[in-house]
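Presented below is the structure to which this report refers.
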There are 2 protein chains.
Amino acid sequence: MANRTLSGPCRAWPSESAFIREVLDRIGDKWTMLVISTLGGEPLRYSDLLASIPGISQRMLTVTLKALERDGLLTRTAFPEVPPRVVYELTDLGRSLLDAVLSMASWAATHYEDVAASRAAHERSGVGREKAHGASPRPTGSAVTS
Amino acid sequence: MANRTLSGPCRAWPSESAFIREVLDRIGDKWTMLVISTLGGEPLRYSDLLASIPGISQRMLTVTLKALERDGLLTRTAFPEVPPRVVYELTDLGRSLLDAVLSMASWAATHYEDVAASRAAHERSGVGREKAHGASPRPTGSAVTS
DNA sequence: CGGTATCCTTGTGGATACTG
DNA sequence: CAGTATCCACAAGGATACCG
């Protein structure tokens, strides 16, 4: 589980933007989270990762893996055989992040439909059209929740 | 709090890539997490957000807020006063995501130094040089952990 | 098998100016 | 105050070809 150090009351501190920026710049790209979560179960080799992550290109897999290795989130182990075999595995640090990633995935799995519904609703009441929410009589000074 | 539905044993299922892709495409951009975490404490108005999130442009704040509103993660309430006042507030759905975001921030705060250290180490032993890790006694067919 | 190298398209987002 | 509109730069990333 992720440490719960700072989630006492549900209150976010403003000055921590820097940390969020940091983590975002590292794992907020298109593939990093996917690689981490795929590697979460067990060590995998290059070709396995390539196959397990639909849509990723060789280039991006390599780039992502190198970045993660540099940051100490995974290890790359090459066996000098022929044909070559290379295994990637999360470090403890990597696994600690995995927990946060799974927290995200969990949220996505749970609330996916809610988001989809909201999107659909916004499309219906639509682009350019005024949102036809049932007859709010607009008393003086009433706020408009768009 | 994030539901912990799928974080039993620390094992990631492969087929959930789709969900991670979803959540990533939504909140993986440069500002979304920052806006959510900034809005986590209390409702804020446009100008507050602009001031609280260092480096964000008007354009990106507007774009991000609209996307979040569409997805039902926050509400926009405009008070028809002069000068205009608009307040943004997380919905319950948004707050549920906030928890996962804080989980990320927590990880960043806790492990930031580890990552920085690893990066520094890779720069030192660096680009082109072999990593001189102290004598791990490799058995026959020794794998190379780069 | 496990990558690199190169090229080139695209999306993201910054700067700036203007509006209700 | 709270946006919109327009233009543009840059880098992320896909396609393809090749290498040890």
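Only this structure's heavy atoms are used, side chains among them; waters, hydrogens and symmetry mates stay out. Bear in mind the structure is a predicted one, so any value in this text is a computation, not a measurement.
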Exercise. To the nearest angstrom, how far is D25(A) atom CG from dA11(D) atom P?
Worked result: 13 Å

Exercise. Counting only N and O atoms by type, is there a donor-acceptor contact under 3.5 Å from the side chain of S118(A) to the main-chain atoms of G72(B)?
Worked result: yes

For this session: Using whole Å, report how far CG of L50(A) lies from P of dG2(C).
Result: 10 Å

Problem set entry | Check ion pair E22(B)-R26(B) (N to O, under 4.0 angstrom) | yes

Seminar exercise, completed: R76(B) atom CZ is separated from dC1(D) atom P, nearest whole Å, by 16 Å

For this session: Check whether any side-chain nitrogen or oxygen of R45(B) sits under 4.0 Å from OP1 or OP2 of dA2(D), and answer yes or no.
Result: yes

Exercise. Would you say dC1(D) has OP1 or OP2 under 4.0 Å from some side-chain N or O of S47(B)?
Worked result: no

For this session: Please report, rounded to the nearest Å, how far the P atom of dA11(D) is from the CG atom of D29(B).
Result: 18 Å

Exercise. Any donor and acceptor pair, going by atom type alone, linking the side chain of D29(A) with main-chain N or O of W31(A) inside 3.5 Å?
Worked result: yes

Exercise. Within a strict 4.5 Å, meaning less than it, do heavy atoms of the D71(A) and R119(B) side chains meet?
Worked result: yes

Problem set entry | Under 4.0 Å protein heavy-atom contact, by nucleotide of nucleotides 14-20 of chain D - B base, S sugar-phosphate only | BB-B--B

Exercise. Once you round it to whole Å, what is the distance between C1' of dG2(C) and CG of L49(A)?
Worked result: 12 Å

Problem set entry | Value in whole Å for how far the C1' atom of dA12(D) lies from CG of L24(A) | 15 Å

Exercise. On DNA chain C, nearest-nucleotide positions of P83(A) versus K66(A): which is more 5'?
Worked result: P83(A)

For this session: Check the pair D25(A) / R21(A) against salt bridge (charged side-chain N to carboxylate O under 4.0 Å, His left out), numbers first and verdict last.
Result: CA-CA 6 Å; D25(A) 288 342; R21(A) 260 270 63 88; 3.3 Å; yes

Exercise. How close or far is atom C1' of dC1(D) from atom CD of E81(B), stated in whole angstroms?
Worked result: 11 Å

Exercise. Phosphate oxygens OP1/OP2 of dT4(C): is one of them under 4.0 Å from a side-chain N or O of Y46(A)?
Worked result: no

Exercise. Nearest-Å distance, CG (L61(B)) to C1' (dT4(D))?
Worked result: 13 Å

Exercise. Name the one of L39(B), L65(B), L93(B) that satisfies side chain to side chain contact (heavy atoms under 4.5 Å, CB included) with L73(B)?
Worked result: L93(B)

For this session: Give the ring-plane orientation class for Y46(B) versus Y88(B), where under 30° counts as parallel, over 60° as perpendicular and anything between as tilted.
Result: tilted

